[in-house]
Every structure is written in C-alpha cells, then in structure tokens.
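The block underneath contains the structure these notes are about, expressed in structure tokens.
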Amino acid sequence: MNKEEIVLDLLSSYRRLTARMKQLEKTSVGPGIRLSAVSEDDKLQELHRELRKLSSCMYLDERELQIESAAHANLTKYPLGTRAQLKEVKRVRESASPEDEQLLKELESKIKKVLEARAGSSSSEGYRGVLDKISELQDLERRKREIDEALEALEEFEPQYAQLLKLRYIEGKQAEFVASELGIVDRTFRRWKQKAVQELVRFMSA
C-alpha cells in the first residue's frame, strides 16, 4: 500500500476506531472502575514528580529505603509508566547481586500489586488481560490523535478539503450528500477528494 492508500484506510476506519475506543473505555476492570480511568497515568506521574521533591526518608520506611537504594544501584534508566518500570526491574534483577536481587524481587512484587489493584481483583481476565486492553486503547487514541491533528492542520490550509474528508469519513456521509453540501458536482468531488488525501498525507508525514 502507498501512503495515500494507508491514509484512506485510516480515514475509512475512523468511525470503527472511535466506536472501539468507547467500548474499551466502558470496560469494567473492578468495582466502580472503568478502563479509561486505569489507562491514565497522568495523576500517578504527577504524584511521582511531587514525591521526588521530598527526601525519600520522609515517606519510605527502612525496608523501602533499602529497596530504593538497590533500584538506584542497578537501574540504568527510569522509564515512565508502571508497566515499563516493571519490565525494567525484571531485566536488571537477573544481573544483580544476591542481596539486591531479593530487594528488586520485592520491588517487582510491589509494582505487580499496583497493576493488580488497577486491574481490579474481580476482573476475570486478570491484570495481564486488562493491560492488553489498555495497550489497545492507548494505540487507538494515538491513531485517532494523529488523524485529528492532521485534519486540523488541513483545515487551516484548505478548509474545503478538510470539510470534505470530515463529512465523508468522520461523519460517514455518502459521496452524493457531501458533494451537495459543498455545492460541487461529482467530478469536482472526486478531484477534491484526491487532492485532500494528498495534502493529508503531507501533514501526517510531517
């Protein structure tokens, strides 16, 4: 597939994409908890940033301070996101000293408990199944954002092209309706659509 075909495929799948996002967002992963809330790490990351301003001895006990020390001694990078952190801890634990390995094992267990709490203990899929759905939701959100941002840029450049694509693909209107709405004939509609897709490709490739 060339770039224009890929963009057309993305546009054609836009409504299905948003429908799947809504379905995933409403998925229950525990008592009163929806997947949309679980997938957002913003508040947790903000808490991490606030805690980093304090001395760790103010909010960690002695054992937790030992775990923190082992983590600093072995981790070479500190990824954002709980899942990425768990993966990194697992990776470095294998090459750590026996004492640090035990401490990192405890850290790994604590991270897993956080993930399990987010997933909800009553979830029939378990936290791994929920994580798969979170990854799918975040991927769909990224794809939707790419399309939305490209269409916004196109609207600034050629408003009629953006309107054509939105009516045809985002709202799912028939070609005849779109042409009538824009006040153009079918031949002009087909020419505009080709040019609109070409311009959208440029914005999505930028």
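Not measured: the values here are computed from a predicted model.
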Task: Check ion pair Asp139-Arg142 (N to O, under 4.0 angstrom) - done: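 Yes, Asp139 and Arg142 are salt-bridged.
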TODO: Indicate yes or no: does Lys105 engage Glu108 in a salt bridge with an N to O separation below 4.0 Å.
DONE: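 Result for this pair is no, no salt bridge flagged.
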Task: Partner residues of Arg202 under the side-chain contact (heavy atoms from CB on, under 4.5 Å) criterion, sequence neighbours left out - done: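 With neighbours one apart ignored, the set is Gln198, Glu199.
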From [X] [atom1] over to [Y] [atom2], what is the distance, rounded to the nearest 0.5 angstrom?
X	Y	atom1	atom2	result
Glu94	Leu104	CD	CG	11.0 Å
Lys3	Leu8	NZ	CG	14.5 Å
Lys144	Leu137	NZ	CG	11.5 Å
Leu182	Thr188	CG	OG1	10.5 Å

- [ ] Using modelled atom types only, decide if a donor and an acceptor are shared between the side chain of Thr27 and the backbone of Leu24 within a distance under 3.5 Å.
- [x]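 Yes, because the side chain of Thr27 sits within donor-acceptor range (under 3.5 Å) of the backbone of Leu24.
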Task: Listed once per pair and sorted, the side chain to side chain donor-acceptor pair (under 3.5 Å) pairs that draw on residues 168-187, sequence neighbours left out - done: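 As it turns out, the side chain to side chain donor-acceptor pair (under 3.5 Å) pairs with a partner in residues 168-187, which skip direct neighbours, are Asp186-Arg190.
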Open item on the list: Checking Arg191 against Gln194: is there a side-chain donor and acceptor pair closer than 3.5 Å?
Closed with: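 On atom types as modelled, these side chains do not qualify, holding no pair under 3.5 Å.
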- [ ] List the atom of Arg20, the atom of Glu136, and the distance in Å for their closest heavy-atom pair.
- [x]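 In terms of heavy atoms, the two residues are closest at NE-OE2, 2.8 Å.
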TODO: Quick one: list whatever passes side-chain hydrogen bond (donor to acceptor under 3.5 Å, both in side chains) with Lys166, sequence neighbours left out.
DONE: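 Here the qualifying residues are Glu155.
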